Number of protein chains: 2
Amino acid sequence: MESTSQTSLFERLKESLDSLRKSERKVAELVTEDPTFVMESSMSAVAARAGVSEPTVMRFCTGLGFDGFQAFKLALAQALILGVPSVESAMNRGDSVAELASKIFDQTISSIDRSRRFLDPDQMEQAVTAILGSRALVFIGLSASGLIAQDALQKAQLFGIPCSAPSDTHQQFMAAAMTDPETTFVVISNTGRTRSTMRVAEMARSRGATVIGISGDDDTPMMRVCDVKIVAKTFENTDIYTPTVSRLAGLVVIDILSTAVSLRRGEAHFADFEAMKAGLAGYARMSDRETDSGSASFD
Amino acid sequence: MESTSQTSLFERLKESLDSLRKSERKVAELVTEDPTFVMESSMSAVAARAGVSEPTVMRFCTGLGFDGFQAFKLALAQALILGVPSVESAMNRGDSVAELASKIFDQTISSIDRSRRFLDPDQMEQAVTAILGSRALVFIGLSASGLIAQDALQKAQLFGIPCSAPSDTHQQFMAAAMTDPETTFVVISNTGRTRSTMRVAEMARSRGATVIGISGDDDTPMMRVCDVKIVAKTFENTDIYTPTVSRLAGLVVIDILSTAVSLRRGEAHFADFEAMKAGLAGYARMSDRETDSGSASFD
DNA sequence: GTGGATTTGGTAGTAATACTACATAATTAA
DNA sequence: TTAATTATGTAGTATTACTACCAAATCCAC
């Protein structure tokens, strides 16, 4: 049985590379070099190109915890569609737009998959109950994380309790300084080291508010002062021209939280929601099309 | 060869269901019912459980355009990790947070995969050249699409040309009414029917500006007045409690555009970027950690 | 209806593939 | 240097995917 652990196949392969035997390593290298070939080839072909015998390939597969070559190939196929390892997907100047798009989609999907595997359900659960039990919500973030905060605000406004997402640092701090124990703060920072966001978190905490932290890592200064710690881990390449995929993971976390909260608020709230949606439909839609409140979402 | 067309395996299976022969349909039904079983079983096992002979299974695979059963299984494995078909992933009140998270991740990943397959490289290319050739940029959107516009603004500010993303409708219209042929407007609306956004697009167009549209569909009123049409297609369920995945697809499109534009602007711009990043690092980071401008991204 | 033609499904056989038991080579330790 | 242990390859087997061929069913003209 393959352990459906947190790490993806390629990561697992990489870290177990030095614990492998010499000839098995050849197989591992072939897999990382040309995974597509391995995926669509037979065991004999793989063995031949790696310069080893077939049982070695077999041992390589079972050694990684798979039932056999076939099972490994399936896992490889799945890992492959979540994006090729970042080595190949580095972007360079000569790339066509189509190539860029392909690489960015690869990175995006595999990053989201990664954040999925790292997301702690317990912390999410705690976050949901905290939100459900509070009388007001405040979302805090800057730049990319600020957008996540704004997005969260848009969704949280449907919860039926006062919520805000001040965008400049002074207003953020003021909100924290004036808060109370019945308010929940959601502080967002991918790095977890944004100074002003940290100060807001500390202040809110000291005022007795519940503080939920969303960050790319669990051991950051900001997270240490949070009651609930939600980790949205991504590949976030340090490369300059790499798009910031962290915000996408953050947005998915917001999706999950808001959906969970909405579901637990029950029918009464549901009716309000419908009314709001119907009103919005008449607002900004074209008149030559039927303004069906159902099929249209928010923009 | 399997046609790596726009439609995913399950969609393809569904639409070719009535063009299949009686016994092959049994196989198709088994695949949709219990894809995991099919994936990890041999042909004989599949044939037995479907109540048909092995060659029928074989014909089923080749009929769908695959080289054989193995190739089909690989494709199935890949389709499977992109999320089970949406029927099963409907959310209901009794779901635990973990289940919700799983379903939302499923939907998100498969939606992004879908938008990838529908994205037209030519239009993207045109968008990039349009942006590179313009002297100013304006991003327009409301609510969820407004966030995409803000995100685009954050990235576009690194291009070194004036850019803005007015957030209220009046300011948006004013920007369009005062624009010139050297400006490019990026108008964003998932539905493509947001009236005010459409009016902005029309006005900008009539003033001679280049208008790039980003929408969830290519045949919407808004798209008709756009010079460049970028389709970010998703599954966007009409269900109320379904999270809006469309914005994620939009953000990925922005990622691609901004990365492509950055890459084509060359070295001079690169230096500016580094300086900005270094400055930003000293700004908002903690002092107890080394403020490495490289490893930190934007928030 | 009936006989011919065509489509649809299954049987049996073959080539290949994955997997296993065993033996030899390499490496390490005594 | 030799014994023990580990690592790798050889040879063989059982399974699996695939193919050629045949039978049943369906369709259509008369």
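Letters A, B, ... are given to chains in the order of the sequence lines, protein chains preceding strands, and every chain is numbered from 1. Not measured: the values here are computed from a predicted model.
- Residues meeting the ring-ring contact (aromatic ring centres under 6.0 Å, His included) test with B:Phe60, sequence neighbours left out: B:Phe72.
- Annotation: side-chain hydrogen bond (donor to acceptor under 3.5 Å, both in side chains) contacts of B:Ser41 (sequence neighbours excluded): none.
- By the side-chain hydrogen bond (donor to acceptor under 3.5 Å, both in side chains) test, A:Glu125 is found to be paired with A:Arg264, residues two or more places apart in sequence or in another chain being considered.
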> Tell me, for nucleotides 11-20 of chain D in 5' to 3' order, what letter each nucleotide earns: B for a base near a protein heavy atom under 4.0 Å, S for only sugar-phosphate near one, - for neither?
Replying inline: -----SSBB-
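- Atom CG in A:Leu20 sits roughly 17 Å away from atom P in D:dT6 (whole-Å rounding).
- Listed by residue number, A:Lys22, A:Ser23 are the residues of residues 22-30 of chain A with a heavy-atom contact under 4.0 Å to DNA chain D.
- For the pair B:Thr56 and C:dG10, the criterion of a side-chain N or O lying under 4.0 Å from OP1 or OP2 is met.
- Regarding A:Phe60, its CZ atom lies at a distance of 16 Å from the C1' atom of D:dT8, rounded to whole Å.
- For the side-chain contact (heavy atoms from CB on, under 4.5 Å) test, residues two or more places apart in sequence or in another chain that qualify with B:Met43 are B:Glu54, B:Val57, B:Met58, B:Phe69.
- Scored by the side-chain contact (heavy atoms from CB on, under 4.5 Å) test, A:Lys233 finds A:Arg114, A:Phe118, A:Asp217, A:Val231 as partners (sequence neighbours excluded).
- Applying the side-chain hydrogen bond (donor to acceptor under 3.5 Å, both in side chains) test to A:Ser44 and every residue at least two apart in sequence or in another chain returns A:Ser42.
- In plain terms, the two heavy atoms of A:Thr191 and A:Thr220 that are nearest each other are O-CG2, 3.4 Å.
- For B:Ser53, the side-chain hydrogen bond (donor to acceptor under 3.5 Å, both in side chains) test picks out B:Thr56, with sequence neighbours left out.
- Residues satisfying the side-chain contact (heavy atoms from CB on, under 4.5 Å) criterion with B:Ala77, sequence neighbours excluded, are A:Leu74, A:Gln78, B:Met39.
- Under the rule for a side-chain contact (heavy atoms from CB on, under 4.5 Å), the partners of B:Ala98 that lie at least two apart in sequence or sit in another chain are A:Pro121, B:Ser96.
- One axis for each end of the helix from C:dA5-D:dT26 to C:dA30-D:dT1, each built from five base pairs, and the angle between them comes to 10° at 10° resolution.
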